[in-house]
Amino acid sequence: ELSLSRRYVLCEVVSEDPRCRQCIEDRAVGLAVRDAIGRVHGDYGLACCSISLTVKYLNAYTGTVLLRCRKDFYRLLCSALPFVRQLESRNQRYPCSLRTLHVGGTIRTCQKFLIQYNRRQLLMLLQNCTNEEERRCIQKSLLSCSLTEEQPQSGDEEDDDGIE
């Protein structure tokens, strides 16, 4: 009997150039993670992890990524994450790595962790702002940080009122 339980792995994109985070896309993260799993665990590990591996959430300003996978295979996923070396987006390669911040059984536990983590990171991020527009964008990004079970896929919604 296969377990339908999930694990949510909260990661941070680590790069020497924090501006590269603004170019990161869900698809690029998913491909880089699958590539790392394939290199570390081969075809079998890739097949096991790929069954339900998805990027559930991505915040370009904070470099926060939430991955979902089956509970049975989350250790395979976590052990491959340090082997992500770059993300490719719009024909550009960005050297970076993924640092695991938290592993949770629900999106809610990851959200609670992320809120605390973002509070600690807020001052550091704001100190690195180069202008007011960047400062406002980062503040809005952090203040509106919420994770939902299913997010709209079209990407062009502007509704922030929580009604879908």
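What you are looking at is a predicted structure, and each value in this text was computed from that prediction instead of being measured.
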Exercise. Sub-3.5 Å donor-acceptor pair from the side chain of Thr109 to the main-chain atoms of Thr106, do we have one?
Worked result: yes

For this session: Mark yes or no for whether Ser52, through its side chain, and Arg70, through its backbone, hold a donor-acceptor pair below 3.5 Å.
Result: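 Checking the backbone N and O of Arg70 against the side chain of Ser52, a donor-acceptor pair under 3.5 Å is found.
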
List the atom of [X], the atom of [Y], and the distance in Å for their closest heavy-atom pair.
X	Y	answer
Leu76	Gly45	CD1-CA, 4.2 Å
Val103	Cys78	CG2-SG, 4.0 Å
Glu134	Thr130	OE1-N, 3.1 Å

For this session: Count the heavy atoms belonging to other residues, nucleotides or ligands that lie under 6.0 Å from CG of Asn131, then report whether that count exceeds 12.
Result: yes

Between [Y] and [X], is there a side-chain heavy-atom distance shorter than 4.5 Å?
X	Y	result
Val9	Leu77	yes
Thr64	Glu12	no
Leu114	Tyr57	yes

What pairs of donor and acceptor atoms, side-chain ones from residues 29-36 against any protein atom, are under 3.5 angstrom apart with sequence neighbours left out?
unit_1, atom_1, unit_2, atom_2, d
Arg34, NH2, Leu53, O, 2.8
Asp35, OD2, Arg39, NE, 3.0
Asp35, OD2, Arg39, NH2, 3.3

For this session: Test Leu81 against Leu67 for side-chain contact (heavy atoms from CB on, under 4.5 Å), laying out the working first.
Result: CA-CA 11 Å; Leu81 291 177; Leu67 303 169; 3.9 Å; yes

Starting at [atom1] of [X], measure out to [atom2] of [Y] and round the result to the nearest 0.5 Å.
X	Y	atom1	atom2	answer
Ile107	Arg6	CD1	CZ	10.5 Å
Ile115	Cys110	CD1	SG	11.5 Å
Cys49	Ile37	SG	CD1	4.0 Å
Tyr74	Thr100	OH	OG1	11.0 Å
Ser5	Lys71	OG	NZ	5.0 Å
Cys69	Arg75	SG	CZ	10.5 Å

For this session: Please identify each residue that fulfils salt bridge (Lys or Arg N to Asp or Glu O under 4.0 Å) with Arg27, with sequence neighbours left out.
Result: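 Checked Arg27 against salt bridge (Lys or Arg N to Asp or Glu O under 4.0 Å); zero matches.
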
Problem set entry | Those residues that, when tested against Arg93, pass salt bridge (Lys or Arg N to Asp or Glu O under 4.0 Å) (two or more places apart) | Glu88

Problem set entry | Linked, directly or transitively: Leu98 and Val55 (ILVMFWY side chains, under 4.5 Å) | yes

Exercise. Do Tyr117 and Leu66 belong together in a cluster built from hydrophobic side chains that touch within less than 4.5 Å?
Worked result: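 Yes, Tyr117 and Leu66 fall within the same hydrophobic cluster.
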
Problem set entry | Check against side-chain contact (heavy atoms from CB on, under 4.5 Å), Val84 and Ser97 | CA-CA 5 Å; Val84 171; Ser97 61; 5.8 Å; no

For this session: Determine, step by step, whether Ser79 and His41 satisfy the side-chain contact (heavy atoms from CB on, under 4.5 Å) criterion, reporting the C-alpha distance in whole Å, the side-chain angles of both residues, the deciding distance to 0.1 Å, and the verdict.
Result: CA-CA 9 Å; Ser79 65; His41 297 296; 2.7 Å; yes

For this session: State which residues pass side chain to side chain contact (heavy atoms under 4.5 Å, CB included) with Gln92; sequence neighbours excluded, sorted by chain then number.
Result: Tyr94

Problem set entry | Qualifying residues under ring-ring contact (aromatic ring centres under 6.0 Å, His included), relative to His102, sequence neighbours excluded | Phe113

Exercise. Which ILVMFWY residues can you reach from Tyr44 by hopping between side chains whose heavy atoms are under 4.5 Å apart?
Worked result: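 Direct or chained contacts put Tyr44 with none.
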
